[in-house]
**Student:** 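Before I ask anything, here is the structure I am working with.
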Amino acid sequence: MLTYTADEMMTVAAARSLLNGMTCFVGIGRPSEAANLARRTHAPDLVLIYESGTIGAKPGQVPLSIGDGILAETADSVVSVPEIFNYWLQPGRIDVGFLGAAQLDKFGNINTTVIGSSYAEPRVRLPGAGGAPEIAAACKEVVVIVRQSRRTFAERVDFVTSVGFGDGAGSRQRLGLTGGGPKLVITDLGTLRPDPETGELVLAGVYPGVSVPLVQEKTGWDLAVSPDLVEIPAPAETELTALRELLSPTPSAARQLAVPDGAGPAARRPVGEGVLS
Amino acid sequence: MLTYTADEMMTVAAARSLLNGMTCFVGIGRPSEAANLARRTHAPDLVLIYESGTIGAKPGQVPLSIGDGILAETADSVVSVPEIFNYWLQPGRIDVGFLGAAQLDKFGNINTTVIGSSYAEPRVRLPGAGGAPEIAAACKEVVVIVRQSRRTFAERVDFVTSVGFGDGAGSRQRLGLTGGGPKLVITDLGTLRPDPETGELVLAGVYPGVSVPLVQEKTGWDLAVSPDLVEIPAPAETELTALRELLSPTPSAARQLAVPDGAGPAARRPVGEGVLS
Amino acid sequence: MAEIVTLADAIAAAVRDGDTVAMEGFTHLIPHAAGHEVIRQGRRDLTLVRMTPDIIYDQLIGAGCARKLVFSWAGNPGVGSLHRFRDAVERSWPQPLELEEHSHAGMANRFAAGASGLPFAVLRGYRGTSLLANTTGVADIVCPFTGETLTAVSALRPDVAVIHAQVADTRGNIQYWGITGVQKEAVLASARSVVTVEEIVDSLEPRPGAVVLPSWTVDYVAHVPGGAHPSYALGYSTRDNDFYLGWDEISRDRDRFSAWLDEHVYGARPQVAAGAGIKGGAEC
Amino acid sequence: MAEIVTLADAIAAAVRDGDTVAMEGFTHLIPHAAGHEVIRQGRRDLTLVRMTPDIIYDQLIGAGCARKLVFSWAGNPGVGSLHRFRDAVERSWPQPLELEEHSHAGMANRFAAGASGLPFAVLRGYRGTSLLANTTGVADIVCPFTGETLTAVSALRPDVAVIHAQVADTRGNIQYWGITGVQKEAVLASARSVVTVEEIVDSLEPRPGAVVLPSWTVDYVAHVPGGAHPSYALGYSTRDNDFYLGWDEISRDRDRFSAWLDEHVYGARPQVAAGAGIKGGAEC
């Protein structure tokens with residue numbers, strides 16, 4: 001029987017959400033890992049776009065930063081940073097935006113700015129917005145990947161860095177956001193999807209061996225369960241092998257990929273925690 | 001004694017107005033001819049910028065169009081057309097804008113759009129604005145080169161394509177135009193400069209053998225004469241030789257350079273007309 | 001993903017009667033062959049958009065394809081007037097031509113706004129000119145920070161962009177270099193796009209100054225060597241200045257123009273590079 | 001025309017106490033050596049502008065050079081927090097740090113507006129976010145054509161831009177390639193500029209993807225090989241990821257940070273590439 005970590009399961013589940021031929025605006029950290037895994041397995045024609053201006057990058061390993069040389073060297077095109085946001089992201093021509101989070105709320109809003117009730121005197125100062133607000137606003141759909149805990153999955157985020165469904169269904173339309181918003185949240189326990197009526201995230205899938213009450217216990221709001229709840233298949237051997245190959249050649253990068261983009265030490269946990277089987 | 005044409009005198013006088021090290025946004029036709037002559041004679045470090053996006057072009061011959069391959073191949077940098085207008089022209093970082101005209105009025109306003117009182121039913125439809133309105137608005141100063149006649153030098157232009165001093169002194173400030181406006185108008189008879197008080201063009205220089213009454217007779221308004229009127233020296237042998245070399249290798253281009261940019265057949269005269277000495 | 005098809009199929013699929021069509025190329029890389037195919041296919045009521053309408057638009061206008069022209073400089077570069085354009089504006093032949101006239105800076109920003117998914121762009125422009133009273137899509141806009149009044153121009157969002165490039169790869173990625181103009185903006189601003197290319201290669205090689213349009217931004221690619229003639233494709237051809245000079249004579253006379261069109265456009269086989277039979281010099 | 005001078009002279013001439021300074025470089029080509037020179041020269045009260053303040057801004061903040069930070073993502077890329085930045089924000093050490101916080105799209109457009117000589121730029125952004133209530137330079141703007149409400153951001157016009165490039169020629173023309181970021185905009189938006197380069201050559205050769213800044217857009221050029229370390233210059237060096245990882249430990253502790261600064265910045269000779277003594281691995 002294959003053994004794998006919860007992080008590996010999460011990355012594999014995230015990779016599966018990306019279809020071949022899609023264009024994907026990739027955040028750094030786990031989104032980049034998952035997008036590169038997808039390209040190495042079922043989606044060889046996945047187009048990776050990084051906010052550093054690299055369009056169609058084909059890195060052999062997962063880059064540590066969104067500006068590693070390998071991205072420029074393997075890209076179909078490298079454009080300036082103003083251009084990547086204005087001509088490529090903003091008009092809604094990108095299929096999927098792939099983001100991390102330090103805090104996420106029940107309407108899929110993302111916080112990567114400050115933890116605590118005061119912006120001026122934060123408990124934890126996080127790195128901030130980066131490209132995320134406009135990725136979340138403009139892409140046809142958004143996938144979020146984030147480890148699950150009561151603190152991370154809050155009723156309401158302390159600071160809305162990037163809008164999911166705002167105050168609920170209809171918010172995006174009222175705000176004039178052109179993209180579709182979060183379609184899928186992938187955690188180390190399972191997956192959440194927005195209720196199409198309310199915009200509230202509900203539990204849509206669990207990994208093998210994960211119980212619904214466990215997920216609910218690790219969620220800071222009263223998590224509803226989809227009537228169509230599925231058990232997500234464990235990683236296939238091909239998926240695990242590809243993932244481990246992708247990470248192995250750059251130990252320093254791999255060591256750090258456990259830290260999602262935009263997350264401070266609060267989100268840091270050793271890789272390997274949460275082995276499920 | 002050297003013989004030369006009025007057109008040659010005009011081009012030489014125009015070239016002299018460009019100082020070494022200046023940056024010059026060059027219109028096609030005679031402005032391009034004069035700017036290239038300046039670069040070949042006293043201003044080897046003149047930076048030629050064309051609206052096609054070529055910055056620092058160093059053509060060996062005068063190009064027929066602003067998009068000839070030689071401009072891109074010899075440029076320091078080639079940028080997109082939106083960029084040349086937004087980043088390079090608009091902020092006022094260009095020293096001199098060098099324009100032609102089909103019609104020019106006493107306040108240095110330029111018409112290259114329609115002749116006749118009705119835009120909808122013009123007597124003559126000219127090519128239109130091109131880059132000229134923003135060149136005239138933004139460059140630190142503007143030089144205009146145009147053959148002189150009562151019809152061309154009108155009291156008021158039929159259509160203001162590019163603003164000189166508008167309705168007179170103060171107009172540019174009221175309109176929020178950031179550049180300095182016309183500094184010099186070079187014709188086949190002499191040169192005009194704006195009166196600093198009124199913005200009205202006055203006769204500032206005449207070529208050898210040209211009388212003030214002749215210039216006034218060829219001007220559609222009551223042309224005042226500067227107290228500092230000068231006689232402009234005839235072309236030096238070095239200037240004439242450089243000009244003729246510049247034009248000689250491309251007979252088809254040379255044949256057509258008599259037609260200023262933006263001018264229809266109305267402005268067309270055979271080269272060689274008006275030999276003065 | 002771009003489909004690689006014949007020019008005739010590309011135009012048939014992409015360009016429809018009544019469309020707003022931007023055939024772009026700033027002197028360099030003008031899609032003449034594609035324009036001829038539009039004429040051959042008899043498209044009508046087009047709104048033609050282009051910063052520098054030149055010979056190919058003169059031909060489209062003279063052939064009766066255009067209802068409206070959106071532009072900033074309509075001339076024969078370095079030569080003078082476009083006579084078919086003038087005939088349409090001054091004498092409504094072969095039909096009236098509605099004009100929407102701008103400056104280059106305005107048009108470039110309108111394309112950039114379209115490519116950016118914005119309804120307008122801001123620039124310093126048009127102020128004090130007679131253009132303001134005679135065009136649409138231009139308005140004052142006040143800076144919310146300084147109170148300064150600037151100019152807004154409305155976005156261009158053509159139905160179709162048509163451009164010519166040096167190279168495509170077999171997957172439909174497009175590469176062009178030299179004077180790159182406003183073609184990227186035109187393609188990204190338009191709902192559909194057609195690209196004719198000098199050459200199709202297995203894979204693109206990086207080149208100085210090259211723009212690459214990924215395959216997924218383009219709909220149809222057609223292999224049309226010489227498809228820019230009498231404009232040029234840097235590295236493949238030079239500008240046929242004699243043709244531009246000769247066009248002045250051909251286009252002055254309605255009958256002579258029509259005869260030229262019969263022989264060199266209607267009479268040409270679609271996929272053949274339209275420039276082939278009309279090299280400058282002798283015929284002009 | 002750019003003057004070619006020493007790094008110390010360039011910084012002394014261009015950067016003054018109280019200036020607004022944009023040291024740009026999007027992960028690639030970050031002007032670390034120039035930043036160290038600013039620290040060495042003891043500049044104070046700077047408003048530091050940068051889309052992605054990372055290690056070099058962490059150092060400038062920790063060294064007490066900065067009064068204010070204008071930014072969109074302040075982190076150690078791929079690693080986590082900037083501890084000197086956090087210490088300044090959370091505990092005002094060594095002094096309080098005023099923040100003006102934006103998104104990347106906002107900052108990129110603010111630089112572009114500055115480069116364009118416009119007081120603001122328009123984008124789709126910020127709407128619905130908490131940034132709106134906690135920053136300045138952002139306002140609603142209504143499209144005069146469609147009535148749609150969009151977002152305006154105020155232009156950035158720094159006093160000085162500082163960038164690192166691969167090559168300059170002896171006349172001071174600048175060339176850089178790879179990930180080119182927002183450096184062109186930063187230089188064109190700023191009143192003054194300093195460029196450090198890996199190499200000075202007789203004449204630039206055209207390169208794929210290269211940006212060229214003509215000499216007349218730049219004030220000071222200094223030859224500082226390795227001047228981007230631990231960032232990199234494509235074709236000259238690779239990103240020293242171990243240094244980025246190691247910085248996490250160095251920067252967590254005030255004393256350890258100060259000792260590092262003493263040894264590697266204050267103790268280093270000005271014109272020596274500041275990266276030389278601090279290669280990753282062992283020391284981190």
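Nothing here was measured: the structure is a model prediction, and the numbers come from that model. Side-chain atoms are counted along with the backbone in the values below, which use heavy atoms only and exclude waters and symmetry mates. Letters A, B, ... are given to chains in the order of the sequence lines, protein chains preceding strands, and every chain is numbered from 1.
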**Student:** Under 6.0 Å from the CZ atom of D/R157, do we count more than 12 heavy atoms belonging to anything else shown?
**Tutor:**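 Yes, enclosed.
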
**Student:** Enter the distance from C/L118:CG to D/L150:CG here, rounded to the nearest 0.5 Å.
**Tutor:** 6.0 Å

**Student:** Against chain C, work out which of D/V211, D/V142, D/V153 has the most heavy-atom pairs shorter than 4.5 Å and name it.
**Tutor:** D/V153

**Student:** Donor-acceptor check, side chain of C/R207 to backbone of D/P208, threshold 3.5 angstrom: yes or no?
**Tutor:** no

**Student:** Heavy-atom pairs under 4.5 Å with chain C: which of D/A113, D/G117, D/A210, D/A155 has the most?
**Tutor:** D/G117

**Student:** Does some side-chain heavy atom of C/C143 sit less than 4.5 Å from a side-chain heavy atom of D/F120?
**Tutor:**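 Result yes, sub-4.5 Å side-chain heavy-atom pair found.
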
**Student:** Please flag which part of C/A139 lies under 4.5 Å from any non-hydrogen atom of chain D: side chain, backbone, both or neither.
**Tutor:** both

**Student:** What part of C/S154 lies closer than 4.5 angstrom to a heavy atom of chain D: side chain, backbone, both or neither?
**Tutor:**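 Backbone plus side chain of C/S154, per the 4.5 Å heavy-atom cut-off to chain D.
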
**Student:** Flag the one option from D/D140, D/V138, D/V212, D/T136 with the top tally of heavy-atom pairs under 4.5 Å to chain C.
**Tutor:**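 Counting heavy-atom pairs under 4.5 Å, the top option is D/V138.
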
**Student:** So which residue, D/P119, D/P206, D/A152, ends up with the most heavy-atom pairs under 4.5 Å with chain C?
**Tutor:** D/P119

**Student:** Tell me which of these, D/G137, D/A121, D/S116, has more heavy-atom pairs under 4.5 Å with chain C than the rest.
**Tutor:** D/G137

